[in-house]
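Take a look at the structure below.
Every heavy atom of this structure was used, including side-chain atoms; hydrogens, water molecules and symmetry mates were not.
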Amino acid sequence: MATVPEIKIMRSESLGHRSDVSSPEAKVGMRVEDLWDEQKPQLSPNEKLNACFESIPVSAFPLSSDSQDIEIRSDTSLAEAVQTLSKFKVLSAPVVDVDAPEDASWIDRYIGIVEFPGIVVWLLHQLEPPSPRSPAVANSNGFSHDFTTDVLDNGDSAVTSGNFFEVLTSSELYKNTKVRDISGTFRWAPFLALQKENSFLTMLLLLSKYKMKSIPVVDLGVAKIENIITQSGVIHMLAECAGLLWFEDWGIKTLSEVGLPIMSKDHIIKIYEDEPVLQAFKLMRRKRIGGIPVIERNSEKPVGNISIRDVQFLLTAPEIYHDYRSITTKNFLVSVREHLEKSGDTSAPIMSGVIACTKNHTLKELILMLDAEKIHRIYVVDDSGNLEGLITLRDIIARLVHEPSGYFGDFFDGVLPLPENYRV
């Protein structure tokens with residue numbers, strides 16, 4: 001039986017130094033090192049970093065696992081898309097329009113990026129009870145009124161019975177709906193992308209100040225995505241730079257010295273262990289956050305963390321919940337951990353429990369921990385273990401660079417707004 005892990009507080013002595021200067025990420029760091037010495041001496045360290053990153057094109061960023069030629073055809077079913085995302089262990093993938101001509105530009109070749117959360121949210125929206133004025137015979141999506149009433153527990157789509165996702169993933173709706181049919185729920189139309197000659201500074205600002213979790217890099221010559229740069233990819237690059245002079249100079253600062261955490265404990269969105277797990281994902285979607293702590297009802301202590309990427313386990317392993325009357329956050333954590341233990345995948349972030357640090361830790365220590373644990377957020381606690389705040393990958397990247405006045409100019413001109421029915 002899977003147990004709830006203890007809170008793991010980061011220990012400085014357990015964080016080693018990186019020494020592989022031959023890695024692609026370290027080579028980027030060495031380019032920064034070389035450029036650092038060329039900057040004007042009157043510039044501040046932050047201004048020097050800005051200038052260095054402005055001089056490096058994003059084409060130099062190492063290829064990520066998310067860009068291993070994984071593309072999904074627009075005529076792929078939702079069930080097939082989920083299998084593909086799960087097989088390659090990625091949260092999202094670009095969708096290629098099968099009707100686009102061979103000489104189409106990249107903006108016509110792709111219709112967007114499909115994500116695990118987008119698929120789940122779209123499916124749940126189809127199951128929302130019809131308006132009282134609508135006919136009650138059957139829903140237009142093909143599910144009977146009795147089914148939607150039973151599994152959604154009197155119309156509350158956050159509360160589901162244990163067999164809900166088994167029934168859902170066996171449905172014709174799931175098997176027959178094509179990815180292009182849900183394109184109105186995609187985040188971008190098709191997406192905001194960088195060209196290979198754009199700079200690291202542009203990329204870092206988009207991933208921090210402008211809150212993008214990932215950015216495709218397109219090759220205009222072949223009208224194709226060449227790379228997908230993520231926040232976690234940037235953190236891994238920084239971790240590989242440990243030992244380089246510019247990184248050590250920046251990374252030695254403590255969290256309190258650089259004004260972290262930004263988010264205090266009073267502003268952290270949380271959920272209790274006896275609440276429905278779908279409520280956790282709905283909160284993440286509504287608040288546009290990537291994770292949420294699961295709190296014990298009586299003690300107010302965190303017993304786990306659910307991230308937006310964990311939504312995949314609702315569709316890829318629906319059978320693991322069928323013994324539960326309802327899928328609470330605690331049931332979800334226990335079931336997924338047991339499932340991963342049986343499959344031998346003990347490295348998944350959901351297995352780690354709650355990982356914390358203190359304000360006295362340095363940026364370097366924090367980056368090494370986030371990279372080692374493959375997590376996207378870390379909780380800040382005081383000396384007694386009480387929650388003080390939260391730090392995300394975006395918060396760290398935002399401390400690395402700043403936006404010069406008028407930097408983006410007309411960069412965002414022509415970027416299409418979010419679709420009217422966008423739900424993720």
Ignoring hydrogens and geometry, is there a side-chain-to-backbone donor-acceptor pair from [X] to [Y] under 3.5 Å?
X	Y	value
Trp246	Gly29	yes
Thr177	Tyr174	no
Glu275	Tyr272	yes
Asn176	Leu173	no
Ser335	Asn331	yes
Arg109	Val96	no
Gln39	Trp36	no
Asn50	His402	yes
Ser86	Gln83	no
Gln231	Met212	yes

Say you draw a straight line from [atom1] of [X] to [atom2] of [Y]; how long is it, rounded to the nearest 0.5 Å?
X	Y	atom1	atom2	value
Cys357	Ile391	SG	CD1	4.5 Å
Leu260	Arg399	CG	CZ	4.5 Å
Ile378	Met369	CD1	CE	6.0 Å
Ser208	Ile396	OG	CD1	11.5 Å
Phe165	Leu314	CZ	CG	4.5 Å
Asp371	Ile235	CG	CD1	8.0 Å

*asked:* Under the criterion side chain to side chain contact (heavy atoms under 4.5 Å, CB included), I'd like the reasoning laid out for Val95 against Ile113: C-alpha separation, chi angles, the key distance, then a yes or no.
replied: CA-CA 6 Å; Val95 179; Ile113 293 180; over 6 Å; no

Taking [atom1] in [X] as the centre, count heavy atoms belonging to other residues, nucleotides or ligands within less than 6.0 Å. Is the count above 12?
X	atom1	value
Ile252	CD1	no
Lys374	NZ	yes
Lys178	NZ	yes

Check whether the side chains of [X] and [Y] place a donor and an acceptor atom closer than 3.5 Å, and report yes or no.
X	Y	answer
Tyr110	Glu71	yes
Glu80	Ser77	yes
Asn163	Tyr321	no
Ser23	Glu240	yes

Determine whether [X] and [Y] make a side-chain contact, defined as any pair of heavy atoms from C-beta on separated by less than 4.5 Å.
X	Y	answer
Leu123	Leu78	yes
Lys224	Val218	no
Asn305	Ile350	no
Val114	Ser92	no
Met263	Leu390	yes
Tyr379	Val354	yes
Lys48	Pro45	no
Ile295	Pro293	yes

*Applying salt bridge (Lys or Arg N to Asp or Glu O under 4.0 Å), run through Lys209 and Glu403 and close with a yes or a no.*
CA-CA 8 Å; Lys209 181 177 179 179; Glu403 180 180 354; 2.7 Å; yes

Provide the closest heavy-atom pair for [X] versus [Y] in the form atom of the first, atom of the second, distance.
X	Y	value
Asn227	Pro62	ND2-O, 3.1 Å
Leu192	Pro216	O-CD, 3.4 Å
Ser105	Ala223	C-CB, 3.9 Å
Val90	Phe116	O-CE1, 3.8 Å
Ile292	Met284	CG2-CE, 3.8 Å
Met203	Val234	SD-CG2, 3.9 Å

_Between Lys213 and Leu207, is the side chain to side chain contact (heavy atoms under 4.5 Å, CB included) condition met? List the steps._
CA-CA 6 Å; Lys213 295 185 182 299; Leu207 290 175; 5.9 Å; no

*asked:* Show every ring pair (Phe, Tyr, Trp, His ring centres under 6.0 Å) that has at least one partner inside residues 197-220, sequence neighbours left out.
replied: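 Sorted pair list: Phe61-Phe200, Tyr210-Phe408, Tyr210-Phe412.
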
*Please identify each residue that fulfils side chain to side chain contact (heavy atoms under 4.5 Å, CB included) with Glu54, with sequence neighbours left out.*
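With neighbours one apart ignored, the set is Ser199, Leu201, Tyr407.
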
*asked:* Closer than 4.0 angstrom, basic N to acidic O: yes or no for Lys196 and Asp219?
replied: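 The answer is yes: the pair qualifies as a salt bridge.
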
*asked:* Test salt bridge (Lys or Arg N to Asp or Glu O under 4.0 Å) on Lys330 and Asp274; report intermediate values, then the result.
replied: CA-CA 6 Å; Lys330 181 179 180 180; Asp274 55 359; over 6 Å; no

*Under the side chain to side chain contact (heavy atoms under 4.5 Å, CB included) criterion, do Val277 and Asp310 qualify, and how do the steps go?*
CA-CA 11 Å; Val277 70; Asp310 296 329; over 6 Å; no

_Please evaluate residues Phe281 and Phe332 with respect to the criterion side chain to side chain contact (heavy atoms under 4.5 Å, CB included), reporting the C-alpha separation (whole Å), side-chain torsions for both, the decisive distance (0.1 Å), and the verdict._
CA-CA 12 Å; Phe281 291 117; Phe332 176 79; 4.1 Å; yes

